[in-house]
Amino acid sequence: MKTILPIIILLTFSYSSFAKQEIPETKKIETFIKIWGFLKYHHSIIAKGKIDWDREFTTRIKDLNKLNSKQAINQYYLNWIKGIGKPVECKKCLIDQAVTLKVNDDFKLLTDSTILDKTVIAELDNIKKNRNQQSNYYISQVNGIGNANFDNEKEYPDSIYPSSEMRLLTLSRYWNIINYFFPYKYKTDQPWNNVLGEMIPKFKDAGDTTTYHLAILELTAKIDDSHGKFSTIFTNKYFGLKWVPFSFKIIDNKAVVIGFYNEELCKNDDIRVGDVFVKIGGSTIEEIVKRNSKFIGASNEVVKLRDTYNILFNGQTSKVETEFQRTGIIEKKTLRRYSFNEINYKYNATNVTDTSKILNGNIGYINMGNLEQKQVDVVLNNLKNTKAIIFDIRNYPKGTMRKIADFLNDKPKPFVLFTIPDVNNPSIYNYKEPSYCGKVNPNYYKGKVILLCNEKTQSHAEYTLMALKTAPNAIVVGSQTSGADGNASYIVLPGGLKTMFTSLGTYYPDKTETQRIGIVPDVMIKPTIEGIKAGKDEVLEKALAIANN
């Protein structure tokens, strides 16, 4: 009896401490968001869509704010979960999945005894073991493709700056979709489990519309995905609605002019291709990029630099002071900035106007961003007797790769492997059968095939590159691509706001990853400042040298 009594006293003291201990507000909200999302995608009754799950969030998070002790909070969770009803029994849920497909499988919440008591943990575990196996109102898959679809999410179009509860619903909706249906959650720089603790105060305390929209922008950038873009008139105003009329590329922490959006406007300030800007508004290029990096969604660093187009020279005023180099001497220059309409910018415009041509030495060239599907047969027939064809994929192709792959290959070849979400086992992705391109073709093209790429080669462009590099004599020339291949899915957020993310896992047939890495060139070459000044396309020149060697 002497040994048992102290143990009983210790257990009583421990339970009493647990019951009275207060949970910090951010941790309380974080746990609620995770439980709400877990139930949304796992509970068979909620999957029917009969319960307004958004209203459950905005109502219950208010209730939660009134509760302080762990005991009271756990009792609230227990009553809530039991009140939903008993999940449908799932016998096949006991069958485990292949380990290779469980890279996103993270359910630490179900065993977090620092927040939840054993009764609530047991209830959540039972729901996991008997997760929904029928259709789910909140998640489906795109027919014929398999990527995630969230069409039944409410838009709340009048809520561009909603209540604190609705702002937290925005965070919760996005965080949980990524948590369960982003195939590359495991590759984010910041562990996804740690994002909520950082972002909850930013959403809860956002004092105005701009601050709120910037919080969404920062959140979407945290998935480190070049598809993960978000913008509104409020975020655009924050960075500035006055633009410079030229395009630029960041090389060695300098902004180099590479082309004109409006040549006449550039003449007003004597802007020339090859001009090198080292400071804008008193800050170096590196300082501006570092200051705004958290707002730029990108799979890798080259895309982050690519997408500085709306933060580097932009501003609220019609002029900005800069420092630049033209002859090696740093000079000061005042640049005029213009509205978007004044510049008359055209999306996907390139300096290359020709769709196809034959260059010196009987070398074919095709600009894939210009090539229309109806043109493919004629263009390939014109180039079939060349000794090499250069396919320029530093742009966004127009769905022409299947016919081209038939022309280049002697037989069908696997070129890509996709994974699709298992909506009945959220966080798990399953491999599909490899996709093939090419056909049996004894008259396939026998010349060299040279494929050009850079950071503008993204998504369908990377997919095209993967297909065309199956050609027998193919070589990839250029620099790192965007690292965001695979179909994207849209997420609608309160306020009618939209963003998206890469929602199909994309791999080579041997399961080598492409996300964030991109398609790795066989010959690495990047533009240089001197080359740009001289008006050279150094990547194309390297391709021509390879074609002639």
Side-chain angles (χ1 to χ4, degrees), residues 184 224-229 247-251 258-259 296-309 347-352 354-356 365-372 389-402 404-405 408 415-416 418 435 437 449-471 474-488 500-502 504-508 512-527 531-532 537-544 546:
Y184 303 114
D224 301 312
D225 178 18
S226 299
H227 277 136
K229 303 301 181 185
S247 58
F248 60 87
K249 185 179 180 68
I250 297 179
I251 301 175
I258 59 172
I296 306 174
S299 297
N300 50 48
E301 193 61 29
V302 296
V303 177
K304 198 170 279 280
L305 295 180
R306 179 198 77 185
D307 288 352
T308 57
Y309 61 86
Y347 174 73
N348 207 27
T350 68
N351 294 326
V352 180
D354 292 325
T355 298
S356 67
Y365 171 88
I366 299 177
N367 183 293
M368 294 291 285
N370 291 343
L371 183 67
E372 303 282 351
I389 301 177
I390 297 170
F391 293 88
D392 196 339
I393 319 179
R394 297 173 293 177
N395 44 49
Y396 199 82
K398 299 180 177 180
T400 54
M401 43 80 70
R402 290 283 178 186
I404 296 173
L408 298 178
F415 74 101
V416 67
F418 290 117
S435 293
C437 65
V449 175
I450 305 172
L451 312 169
L452 309 188
C453 64
N454 63 7
E455 68 278 4
K456 292 183 179 179
T457 309
Q458 177 172 316
S459 192
H460 181 67
E462 292 175 291
Y463 181 67
T464 299
L465 190 56
M466 293 175 76
L468 300 192
K469 76 187 297 251
T470 60
I475 184 169
V476 181
V477 177
S479 54
Q480 185 178 23
T481 65
S482 176
D485 203 348
N487 292 52
M500 60 183 183
F501 67 99
T502 304
L504 283 185
T506 304
Y507 305 82
Y508 286 103
T512 299
E513 294 179 313
T514 63
Q515 181 73 7
R516 304 200 68 178
I517 301 165
I519 311 305
V520 180
D522 300 303
V523 178
M524 181 73 73
I525 183 166
K526 303 176 183 179
I532 292 169
D537 184 341
E538 292 160 287
V539 178
L540 179 58
E541 288 187 0
K542 184 64 176 178
L544 291 169
I546 292 170

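Start at 1 with the first residue, then count along the sequence. Note that the structure is a prediction, hence the values are computed from the model and not measured.
- When every heavy atom of Leu544 is checked against every heavy atom of Ile390, the shortest pair comes out as CD2-CD1, 3.7 Å.
- Side-chain contact between Met401 and Ile393: absent, with no pair of heavy atoms (C-beta onward) separated by less than 4.5 Å.
- Side chains of Ile389 and Val449 form no contact here, defined as non-hydrogen atoms less than 4.5 Å apart.
- Using a cut-off of 4.0 Å between Lys/Arg side-chain N and Asp/Glu carboxylate O, Glu455 and Lys526 are scored as not salt-bridged.
- For the atom pair CG (Asp392) and OG (Ser356), the distance works out to 12.5 Å, reported to the nearest 0.5 Å.
- With hydrogens and angles disregarded, a donor-acceptor distance shorter than 3.5 Å links the side chain of Ser247 to the backbone of Gly259.
- Counting only heavy atoms from C-beta outward, the side chains of Met500 and Asp225 never approach each other to under 4.5 Å.
- Interatomic distance, OG1 of Thr502 versus NE2 of His227, reported as 4.5 Å (0.5 Å rounding).
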Step-by-step side chain to side chain contact (heavy atoms under 4.5 Å, CB included) determination, Ile525 to Val477: CA-CA 7 Å; Ile525 183 166; Val477 177; 3.8 Å; yes
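- Note that the CD1 atom of Ile450 and the CD1 atom of Ile546 stand 5.5 Å from one another [nearest 0.5 Å].
- Summarising the local packing, NZ of Lys542 is surrounded by 12 or fewer heavy atoms from other residues, nucleotides or ligands at distances under 6.0 Å.
- Heavy-atom minimum distance, Pro527 versus Ile251: O-CD1, 3.7 Å.
- The distance from the NZ atom of Lys249 to the CG atom of Asn454 is 5.5 Å, given to the nearest 0.5 Å.
- Distance check, rounded to the nearest 0.5 Å: OG of Ser226 to CD of Glu462 gives 7.5 Å.
- Using a distance-only test at 3.5 Å, with no hydrogens or angles considered, no donor-acceptor pair links the side chain of Asp485 to the main chain of Gln515.
- Shown here for Met466 and Tyr507, the closest heavy-atom pair between the two residues is CE-O, 3.7 Å.
- The closest side-chain heavy-atom distance from Asn395 to Met368 is below 4.5 Å.
- Within the 4.5 Å cutoff, the side chain of Thr470 has heavy atoms near those of the Cys437 side chain.
- Residues Phe248 and Tyr309 share a closest heavy-atom pair of CZ-CA, 3.8 Å.
- Here the closest non-hydrogen pair linking Gln480 and Met524 is N-SD, 4.3 Å.
- The shortest heavy-atom contact between Val539 and Gly478 is CG1-CA, 4.1 Å.
- Looking at heavy atoms from C-beta onward, Phe391 lies out of side-chain contact with Thr464 at the 4.5 angstrom threshold.
- The closest side-chain heavy-atom distance from Tyr184 to Thr506 is below 4.5 Å.
- A salt bridge does not link Asp522 with Lys469: none of the charged nitrogens is closer than 4.0 Å to a carboxylate oxygen.
- Panel note: side chain Arg516, backbone Ser299; a donor-acceptor pair is recorded below 3.5 Å.
- Counting heavy atoms from C-beta on, the side chains of Ile519 and Thr514 come closer than 4.5 Å.
- Leu465 contributes atom CG, which lies 11.5 Å from atom NE2 of His460 (distance to the nearest 0.5 angstrom).
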